[in-house]
Number of protein chains: 2
Amino acid sequence: MRKGEETRAKILDAAEISVLAKGFAATSIDELIAETGITKSGFFYHFRDKNELAKALLERYVENDERIYDEIFSRARELADDPLQAFLLGLKLLSELLSDLPNGHPGCLVAVICSHERAFDRDIQEINRQAALMWRRRFGAMFRDIMQVYRPREPLDVDQLADMVSTVIEGGIILSKALKEPKNLPAQLLVFRTFIRLLFQPAAS
Amino acid sequence: MRKGEETRAKILDAAEISVLAKGFAATSIDELIAETGITKSGFFYHFRDKNELAKALLERYVENDERIYDEIFSRARELADDPLQAFLLGLKLLSELLSDLPNGHPGCLVAVICSHERAFDRDIQEINRQAALMWRRRFGAMFRDIMQVYRPREPLDVDQLADMVSTVIEGGIILSKALKEPKNLPAQLLVFRTFIRLLFQPAAS
DNA sequence: GCGAAAACTGTACCGATGGTAGGGAAACGG
DNA sequence: CCGTTTCCCTACCATCGGTACAGTTTTCGC
């Protein structure tokens, strides 16, 4: 019903913040129920165990992630006719969005799960894998569109190029955190943007 | 003395494997002492608490990491006179090294710490930050050498370019794990290598 | 407004885990 | 052979994930 989903969402909200800050294992159920204002029984009414919490958390995170990418790149597609220009614009919009986060990117749940790998069951690892594959498909489609118009100066595998987008984002998040320089992630995205521009730049005449 | 360091190293060995596989919190002291063949008291003789284990673990990891980079890129420097060719060769050697790991890269401790951020004290976060800064200095110096000989086709900040190496490696590790495609990381490194080659390619005449 | 289902609360308990305390005992080094 | 290092043993504590289950309040459809 309505109320139940609301409580569930509040638990997930609290969990997401804590998990991204401290990791999954360090996020205690006691802490979550204190934050949400329910009891332990209430928690276990919504989630059979912590693993199910992780699953719900990851599913919600991935969906939200996809929504953000949808918005940004469809907006970019509206503003630019050319597929290359649209992609470059999308990267810039994404970079600006990340730059506007006051404390930097809070962290990616997919990466957190990867760092915990063997602590989670197959279900969760499969969700993670599917998320990465969706990114590959999304950006792969964009690069294919681009390649219908532009010839890359160097032959590159489309999937690997698509994966590079995720690689830069995930790596950028980590480096930003390690360095405590929130602007690092948006900056890295713009460096990558330059690479893409270079790759599809028509050979100087 | 000798014996003590040996035991300490055995603990760290077991801890590193487990932490990279399951995360830090999921790595129990009981498990480590079982693996090492000592008792709980023995463990706490070597490490005051788990946080000190993490610190020692990270310090050792970072040192080892630096050693590997030293070896690879000094070898590359021996084989190629030109700084750009040396760097490109180094990336290739690194890619091959990573490709030869049967189960893929086991994971980067720096990234694990980042995913656990607030669970660790300032000391550890500072070691992490210094590690990332050392990478920046290392690769930054290489790019500076390159730029004494080659002009980049696009103006790029040297530090950001240097950070991109770490970004691709860290991001590649995560993506490889998420996708369960160990070859992804070496492949991403080679894509990055192509970008660098493009960046410093003399303009077509 | 009523009944049933949904959404909780309360209490009591269990095993594993991180950590503490302190009294030893081998092993090793000088 | 003496002292330091390097451990072992026992006992104990708080926290945490999780179970069990009975009871209570809220909410919703009708």
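Below, chain A is the first sequence line, B the second, and so on; all start at residue 1.
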Check A:R138 with A:E66, please: is the shortest side-chain N to carboxylate O separation under 4.0 Å? yes

Do the side chains of A:M164 and B:F195 get nearer than 4.5 Å, heavy atoms only? yes

Would you indicate what A:R8 reaches in the nucleic acid, counting non-hydrogen atoms under 4.0 angstrom: base, sugar-phosphate, or nothing? nothing

Base, sugar-phosphate, or nothing: which does B:T36 touch, judged by heavy atoms less than 4.0 Å apart? nothing

Just the rounded figure in Å: distance from [atom2] of [N] to [atom1] of [X].
| X | N | atom1 | atom2 | result |
| --- | --- | --- | --- | --- |
| A:E52 | D:dG18 | CD | P | 11 Å |
| A:F24 | D:dG17 | CZ | C1' | 11 Å |
| A:I11 | C:dC8 | CD1 | C1' | 11 Å |
| B:E5 | C:dG29 | CD | P | 12 Å |
| B:F44 | C:dG18 | CZ | P | 8 Å |
| A:I29 | D:dT19 | CD1 | P | 10 Å |
| A:E6 | C:dA6 | CD | P | 18 Å |
| A:I38 | D:dT25 | CD1 | C1' | 15 Å |

Among [options], the one nearest [X] by side-chain distance:
| X | options | result |
| --- | --- | --- |
| B:K40 | C:dG19, C:dT9, D:dG17 | C:dG19 |
| B:D30 | C:dT17, D:dG18, D:dT5 | C:dT17 |
| A:Y45 | C:dT20, C:dA6, D:dG17 | C:dA6 |
| B:S28 | C:dC8, D:dT5, C:dG18 | C:dG18 |

Check the side chains of A:T167 and B:Q188 for a donor-acceptor pair under 3.5 angstrom, ignoring hydrogens and angles. yes

Taking only side-chain nitrogens and oxygens of B:H46, does any of them come within less than 4.0 Å of OP1 or OP2 of D:dC7? yes

Distance below 4.0 Å between A:T7 side-chain N/O and C:dA7 OP1 or OP2: no

Starting at CD1 of A:I196, measure out to CG of A:L190 and round the result to the nearest 0.5 Å. 12.5 Å

If you find the nucleotide of DNA chain D closest to A:S41 and the one closest to B:T39, which residue's nucleotide is nearer the 5' end?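 Between the two, 5'-proximity favours B:T39.
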
Taking the ring of A:F43 and the ring of A:F47, is the distance between their centroids below 6.0 Å? yes

